[in-house]
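Residue numbering restarts at 1 for every chain, and letters A, B, ... go by the order of the sequence lines.
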Protein chains: 2
Amino acid sequence: MSENIVQKLRDQIENGIFSGTLPAGKRLDETQLASQFGVSRTPVREALMQLSAIGLIEIRPRRGAIVAEPAPHRVYEMFEVMAELEAMAGAHASRRHTQADRTALLAAHEDCARSAQTADADAYYYANESFHAAIYDASHNGFLQEQCLALHRRLRPYRRLQLRVRNRMENSLAEHDRIVKAILDGSADEAAAALRAHIAVQGDRFSDLIAQIAAGRSGVPA
Amino acid sequence: MSENIVQKLRDQIENGIFSGTLPAGKRLDETQLASQFGVSRTPVREALMQLSAIGLIEIRPRRGAIVAEPAPHRVYEMFEVMAELEAMAGAHASRRHTQADRTALLAAHEDCARSAQTADADAYYYANESFHAAIYDASHNGFLQEQCLALHRRLRPYRRLQLRVRNRMENSLAEHDRIVKAILDGSADEAAAALRAHIAVQGDRFSDLIAQIAAGRSGVPA
DNA sequence: GTCAACATTCTTGTATACAAGAAATCGAAC
DNA sequence: GTTCGATTTCTTGTATACAAGAATGTTGAC
């Protein structure tokens, strides 16, 4: 029961950030959070520090914590790194996968296909997470797996926006197909290239989105 | 002056870990550390949590913190990831470097050469850090730079052991030469390959070292 | 003599009190 | 009317007190 208070707080605040209840730039008052969750400031501070370590919030000395608001170009940089890490995971997976890995990867892939067929964006979203997790798993590099999961998680809110884009699900599924084939074939370079492209396109789409928003803002008078 | 207490504690403990004063597996008693540094337990706890976030120590609920003792294969995994991140940084650097980047990279390279000539392992060690930092810098991807610096730092104690190995400095310098040429030439693939090899060899050497120690331990009766 | 259970002690986890720095507001002077 | 400064208030940073769980040692029974 102990120490889970911090964990719980961390998750709650994190959810608040992902769900938009706590928008970027929002100030996080320790006292207020403490009374809101019915605990003292101590565990709140610890939770905030953990979130700060992940990069989700920013703690400015003596000036409190705010929800981090990474500049768009920073998010793009993160997608660049993510692409490379995924490519690496794919390359290793293609060389090291076991029979169990094959099974898991194919199962996740079929889940994605099902969700795409019914055009269920939410279901696709979760199936997609499992798909990528299966690749990390098959890389048989525990550290790489951790890094990928952490970054994947951190980019979640930016990826989520993108499934709305027209045909994104179909395209994504086609890309998955190429990835699966390469991994099961043991073609490390092809797997890496396919994954690199699969992720890079998300960074590009994110950039487009930002550009659109910027254009919309400056073009249309408020 | 405030908040630096935590920073200071973090650095002190970190130094203790790197220097071996706090060996892996050592239990870190909050009360003891607090009285040792003349502060209360609160900032000590915060420092420990930060170190835990980096992965340098491990906090077991209700059972205190111990200096992390990553399994050798985990360290090897970390070198694998480091190799890929450095390769990525090198590739980007070769495409994006500015005149200032060239200058900085060459200066760091020459520093390394000087240290190697005088066979000054410590000096080489620091020059080498600057050399790699210059590459991260030239990648013009701030997030990648942060990730590289963090991992580089975390692998520091394992890298440090290796300069003692015969001819390691000369070989390292030759590898640096290849890397510099590739980056300044704008040959992204060659830069990536050179850096990947440069780091991978360290992982291999680490493995050899572990194997040697294991063999020595089981071979020679205590 | 050994094993198990209970009690004691030690350490962590949480709450609260206190101190110090930052921000905001109010007032005065230009 | 605006700007600069001081005071007050609010929030964070640190210390300490208290509670709860884990580890260890002792005692008793088999």
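- Protein atom CD of B:Gln7 is 11 Å distant from nucleotide atom P of D:dT14, rounded to whole Å.
- Residue pairs meeting the salt bridge (Lys or Arg N to Asp or Glu O under 4.0 Å) criterion with at least one member in residues 13-24 of chain B, sequence neighbours excluded: B:Arg10-B:Glu14, B:Glu14-B:Arg153.
- If you check every strand for non-hydrogen atoms under 4.0 Å, B:Leu28 touches sugar and phosphate atoms only.
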What pairs of nitrogen or oxygen atoms, one from the protein and one from nucleotides 16-18 of chain C, lie under 3.5 Å apart?
unit_1 : atom_1 : unit_2  : atom_2 : d
C:dT16 : O4     : A:Thr42 : OG1    : 3.4

Protein and nucleotides 22-24 of chain D: nitrogen or oxygen contacts under 3.5 angstrom:
unit_1 : atom_1 : unit_2  : atom_2 : d
D:dA23 : OP1    : B:Arg63 : NE     : 2.5
D:dA23 : OP1    : B:Arg63 : NH2    : 3.1

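- Terminal axes of the helix from C:dG1-D:dC30 to C:dC30-D:dG1 (five pairs each, C1' rotation axis) are separated by 10°, to the nearest 10°.
- Remark: B:Thr103 engages B:Gln99 in a side-chain contact (heavy atoms from CB on, under 4.5 Å) (not counting sequence neighbours).
- Here B:Arg168 pairs with B:Glu175 in a salt bridge; the nearest charged N to carboxylate O distance falls below 4.0 Å.
- We find that CG of B:Asn4 is positioned 18 Å from P of D:dT12, with the value rounded to whole Å.
- For the pair B:Ile66 CD1 and C:dT11 C1', the computed distance is 15 Å after rounding to whole Å.
- Take B:Asp11 and apply the side-chain hydrogen bond (donor to acceptor under 3.5 Å, both in side chains) test, not counting sequence neighbours, and it matches no residue.
- Rounded to whole Å, atom P of D:dA15 lies 12 Å from atom CZ of A:Arg45.
- Taking atom CG on B:Leu9 and atom C1' on D:dT14, their separation rounds to 12 Å, with Å as the unit.
- Residue B:Ile57 contributes atom CD1, which lies 11 Å from atom P of C:dT12 at whole-angstrom precision.
- Ion pairing between a basic and an acidic side chain is recognised when a charged N comes within 4.0 Å of a carboxylate O; B:Arg114 and B:Asp111 show such pairing.
- The list of salt bridge (Lys or Arg N to Asp or Glu O under 4.0 Å) pairs with a residue in residues 94-110 of chain A, not counting sequence neighbours, reads A:Arg96-B:Glu80.
- Rounded to whole Å, the distance from CD on A:Gln32 to C1' on D:dT11 is 12 Å.
- With sequence neighbours left out, the ring pair (Phe, Tyr, Trp, His ring centres under 6.0 Å) criterion links A:His198 to A:His132, A:His176.
- Taking the ring pair (Phe, Tyr, Trp, His ring centres under 6.0 Å) definition, one finds that B:Tyr158 meets it with B:Phe206, sequence neighbours left out.
- Checked against side-chain contact (heavy atoms from CB on, under 4.5 Å), A:Ala87 has the following partners two or more places apart in sequence or in another chain: A:Ala192, A:Arg196.
- For A:Ala107, there are no side-chain contact (heavy atoms from CB on, under 4.5 Å) partners at least two apart in sequence or on another chain.
- Contacts of B:Thr31 classified as side-chain contact (heavy atoms from CB on, under 4.5 Å), with partners at least two apart in sequence or in another chain: B:Asp29, B:Arg41.
- Between the CZ atom of A:Arg27 and the P atom of D:dC10 there is a distance of 13 Å, given to the nearest Å.
- Relative to the side chain of A:Glu30, the nucleotides D:dT11, C:dT14, D:dG13 differ in distance, and D:dG13 lies closest.
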